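The structure appears below as structure tokens.
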Amino acid sequence: MGGDLICRLLALIICLSACAGIGLELSTLMNGGASIFGSLWVLMGYFTILTNGLVAVVFGAAAFLGERFDTHGWWRGLPPSWPWSA
């Protein structure tokens, strides 16, 4: 039980640091005079920002749901060699 709490706290720390990185970039653009929507539009053009957003969503879900994504077994119906089957 203690290990689960530590994993969830670490996931929350990773989620918050990814959100802080996005927020820092957003505030930097807005301090330059851009609007919120213009800043968001510019940020969507950077792969690192999109990756930070994905990391924030995945680790936020892991922190708040407290379970692994593979526990539902969505892949169990796939053939063993998928996607490399001929």
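Reckoned from all heavy atoms, side chains included, excluding hydrogens, waters and symmetry mates. Computed from a predicted model, the values in this text were never measured in an experiment.
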Members besides Leu12 in its Ile/Leu/Val/Met/Phe/Trp/Tyr cluster (side-chain heavy atoms under 4.5 Å)
Leu16, Phe64
Would you mind writing out the side-chain donor-acceptor pairs for residues 19-33 within the sub-3.5 Å range, not counting sequence neighbours?
unit_1 : atom_1 : unit_2 : atom_2 : d
Ser27  : OG     : Gly23  : O      : 3.3
Ser27  : OG     : Leu24  : O      : 3.0
Thr28  : OG1    : Leu24  : O      : 2.8
Asn31  : ND2    : Ser27  : O      : 3.3

N/O donor to acceptor pairs below 3.5 angstrom from side-chain atoms of residues 35-58, sequence neighbours left out:
unit_1 : atom_1 : unit_2 : atom_2 : d
Ser35  : OG     : Gly38  : N      : 3.1
Ser39  : OG     : Ser35  : O      : 2.8
Thr51  : OG1    : Phe47  : O      : 2.8

